[in-house]
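Both counts, for ligands and for their atoms, begin at 1 and track the order of listing.
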Amino acid sequence: MQKLSQRLSVVVLFLSILFAPIRTTIAADFKREVIYQIITDRFFDGSSSNNNPSQSSGLYDSTQANWRLYWGGDLAGIQQKMSYLAGLGVTAIWISPPVDNLNTNIPDGNGNPTAAYHGYQARDFKRIEEHFGNTSNTWTDFDNLVTAAHQNGIKVIIDFAPNHSTQNNAGEYGALYDNGTFLGNFSNDTNGYFHHNANISGSGWDDRYQVQYYTLFDLADIDQENSTMDGYLKAAAQLFQQHGVDGFRIDAVKHVNWGWEYSFANSIYTYGDSFLFGEWYQGNTSDPLYHDSYKFANKSGISLLDFPLNTAIRNVFGSNSNFSDIDSVISTEGSNFTWKEDLVTFIDNHDMSRFLSLNNNNNRLHEALAFTLTSRGIPCIYYGTEQYLHNDTGGGTDPYNRPMMTNFSTTTTAYQLVNKLSTLRHSNPAIPYGSMGQRWINNDVYIYERKFFGNVVLIAINKNETTGYSISGLNTSLPAADYSDYLTGLLGGSSITVSTGSGGNNPVTTFTLPAHTVAVWQATDTATTPQIGSIGPTSGQPGVKTVIAGKNFGSTTGTVKFGTTTATVNSWTSTQITVTTPSVTNGNYNVTVTTSGSQVSNGIQYTVLTAKLIPVTFTVNNASPTQVGDYIFLTGNTVELSNWSTTWDAAVGPMLTPNYPNWFLVASVPAGQTIQFKFIKIAANGAVTWEAGSNHTYTVPSSGTGFVNVNWQY
Ligand code: NOJ
Ligand code: NOJ
């Protein structure tokens, strides 16, 4: 007879297995992943029992004639296609928002019913939409999907839309529920859960204040500074982490309060490793808010979808612009984004015409796909691309860019291409971690090289449909040897011969690159020194875990140092190490890996925060007079406040001035700490004016949100 304590420990063991996190993979290094974007409603109908649920009946169109109603795709459907996805070579799926959405029909301008089949009108961030899961809005189907994905080596990213709930002037009038309990709505907003400003319009799209605080397309605009909303959204994200998600695509990241999002990201990373990227829509690198976008990406812990590169890809492969368009975006972004290898790159998505609607040419689609899969950044493929899915009605834009997936062939050229290049991303670290340099270019041909230490991939694309080019004078870092095409001729490539040159420039024997060809040549190095390619998250307070990825770390545990301080190692493989941020003074640290054999790696930057981040609204009244182009910024005594920096890129801001000459902004600052700060004016020419007097001080709350209101000291 067992002792009671023994029996209890068996029960505890059993329970802990039962409730162990479903997650089996480490999410933070996403550079090795290939993402596949799915609109759940339009992928595959795995269960008919949820097609027309009673709480929202009438939103389903079994004939699939009304493009703005539910068509039956669901989480079970994605689960059933898991081996198709694994065979494609995608290693992460980004699914449209799975949370409980608007239950009512809102007629469009012509009186036709519409529904939130796309998921961007949440009513309850803590339950699963009945059309996607089951009619009780429970997590069962979601959990089954996550389990199946992880069993197939596929990570799960959910689309999360913290900017808004449902439409503010119809339907459910923005009503929000917390796991079924009514919280409030927009039309009777007694708790101040929402902003009540007009729609963003006209020049407002370029105005930092309107973009964040005005309304996006009549959608009830959540006030994340309201402590109930702050807690609700962070708890909902954490709930998804508990259910095993590996990452978040943050919808409309430019329209959510930027300063709050730093604390949102920190809240997620404090709970567990994850990968975050946001939708910061912009046409190109001349966008008025482009500078704000990379400052945000460099500091917030949230990477971005690479919209400027998307525009260039569509112009070059879709509309026949010169390759210089792509080359210049790559180099401009390369000098602006600190974590450029984390930018998520794409050809098309659910908000623009599919590539084949733009240019109905499969060669060009293959070239664009090969470019996305081999160039700098994490590639994201829109569902159906591998089946040449498109519907060109109305130019093929929303909603016609969201057809039902009909074919699941595993033999298309596009399917094979994705599979091969996904394999390369895992086998050669130059693709996920390497630099990207142009080696040869004309209007039709782009030859570029990815390089990470001695690991090299050389890619050549000729997008001309009829003309081959003789390529002479090409140099590469590939060592002298003959190289066969990694794609084995799938897109027309053949072999090259490289001979010995000097200074990293080995000449390639002149060869012909035929019309519409992509060729890929590659080599990995034999060095044994440890090579760090990635750290993620890139910031965290002591105690937060971060993942270091790369090559040659060895199978025996060595040491990881933040500056000179040794950190606790939680797990160690030859390519991936998890460490706990040590208790060191806040600031930027160079992180290095030392192998058990005493070999030391390159360093990578990591920011040690002071404490968990709390969003605080700072207001300064009657600030120093400004001229056009001058802005007020916040600076202060911790790394979160830039350690008294006075430059546009480092100080916190620019602040916003809907009530000039009063300025405000939200900054995420360390919980429970007494901070010192001041406001400064940075003039258009960079000249800095400090406010007078002694530093302001403020003790940041240990939870919730905070508010500071002071006068500029003259
Ligand atoms: C951007 C999404 O990608 C789009 O599809 C959606 O309608 C808006 N954000 C609003 O959530
Ligand atoms: C950190 C990124 O994780 C890594 O991939 C990159 O090489 C370096 N930053 C330099 O940009």
Side-chain angles (χ1 to χ4, degrees), residues 35-43 67-70 73 93-102 106 108 114-125 129 132 157-172 174 176 186 194-195 199-201 204-205 210-222 224 233 236-237 247-258 261 264 276-283 289 293 302-307 310-311 344-354 380-384 394 396-403:
I35 304 173
Y36 186 80
Q37 181 196 351
I38 295 175
I39 303 291
T40 301
D41 183 59
R42 303 294 159 91
F43 193 63
W67 286 70
R68 293 189 167 86
L69 291 179
Y70 286 94
I93 50 174
W94 147 22
I95 61 171
S96 51
V99 297
D100 185 17
N101 257 246
L102 180 68
I106 299 182
D108 69 11
T114 75
Y117 69 92
H118 42 68
Y120 294 108
Q121 292 206 49
R123 66 196 292 284
D124 193 334
F125 283 85
E129 165 60 32
F132 302 151
I157 301 164
I158 62 154
D159 202 320
F160 194 84
N163 178 66
H164 52 263
S165 57
T166 64
Q167 201 169 312
N168 63 25
N169 55 5
E172 298 189 58
L176 271 177
F186 180 87
F194 300 96
H195 296 130
N199 275 329
I200 307 166
S201 66
W205 290 104
Q210 286 197 33
V211 154
Q212 295 174 72
Y213 288 86
Y214 274 40
T215 299
L216 186 66
F217 310 128
D218 295 318
L219 296 162
D221 197 62
I222 297 175
Q224 294 85 12
L233 292 168
F248 295 85
R249 179 267 190 184
I250 303 173
D251 182 60
V253 79
K254 172 170 146 182
H255 302 290
V256 182
N257 185 310
W258 302 345
E261 288 175 301
F264 180 65
L276 275 60
F277 63 103
E279 179 212 21
W280 187 298
Y281 180 78
Q282 54 192 345
L289 296 179
S293 78
I302 302 173
S303 188
L304 297 181
L305 282 152
D306 195 341
F307 278 91
N310 169 258
T311 301
V344 178
T345 60
F346 58 105
I347 298 168
D348 48 21
N349 70 19
H350 60 306
D351 292 326
M352 61 184 71
S353 57
R354 285 177 177 266
C380 179
I381 299 163
Y382 189 38
Y383 80 96
T397 54
D398 173 8
Y400 303 104
N401 52 4
R402 306 163 183 188

Does Arg249 come within less than 4.0 angstrom of ligand 1, counting non-hydrogen atoms of the residue?
yes
Evaluation steps, side chain to side chain contact (heavy atoms under 4.5 Å, CB included), between His255 and Trp205
CA-CA 10 Å; His255 302 290; Trp205 290 104; 3.5 Å; yes
For Arg402, the ligand 1 atoms whose distance to one of its heavy atoms is below 4.0 Å
5 (O)
side-chain contact (heavy atoms from CB on, under 4.5 Å) involving Asp221 - partner list, sequence neighbours excluded
Asn163, His195, Thr215
Compute the centroid of each ring, for Phe307 and then for Trp280, and state whether the two points are separated by less than 6.0 Å.
no
Any non-hydrogen atom of Glu279 lying under 4.0 Å from ligand 1?
yes
Atoms in ligand 1 flagged as close to Asp351, the criterion being non-hydrogen separation under 4.0 Å:
1 (C), 2 (C), 3 (O), 4 (C), 5 (O)
Among Asn163, Leu216, Asp251, which one has a heavy atom closest to atom 9 (N) of ligand 1?
Asp251
Is it true that the NZ or CZ of Arg249 lies under 6.0 Å from the centre of Tyr120's six-membered ring and within 45 degrees of the ring axis?
no
Residue His164 vicinity, atoms of ligand 1 by number, heavy atom under 4.0 Å
10 (C), 11 (O)
Tell me every residue that passes side-chain contact (heavy atoms from CB on, under 4.5 Å) with Gln167, counting only those two or more places apart in sequence or in another chain.
Ile106, Gln121, Asn169, Ala170, Asp218
How long is the gap from CD on Glu279 to CD1 on Ile250, to the nearest 0.5 Å?
11.0 Å
The one among Phe217, Tyr281, Tyr120 that brings a heavy atom closest to atom 6 (C) of ligand 1
Tyr120
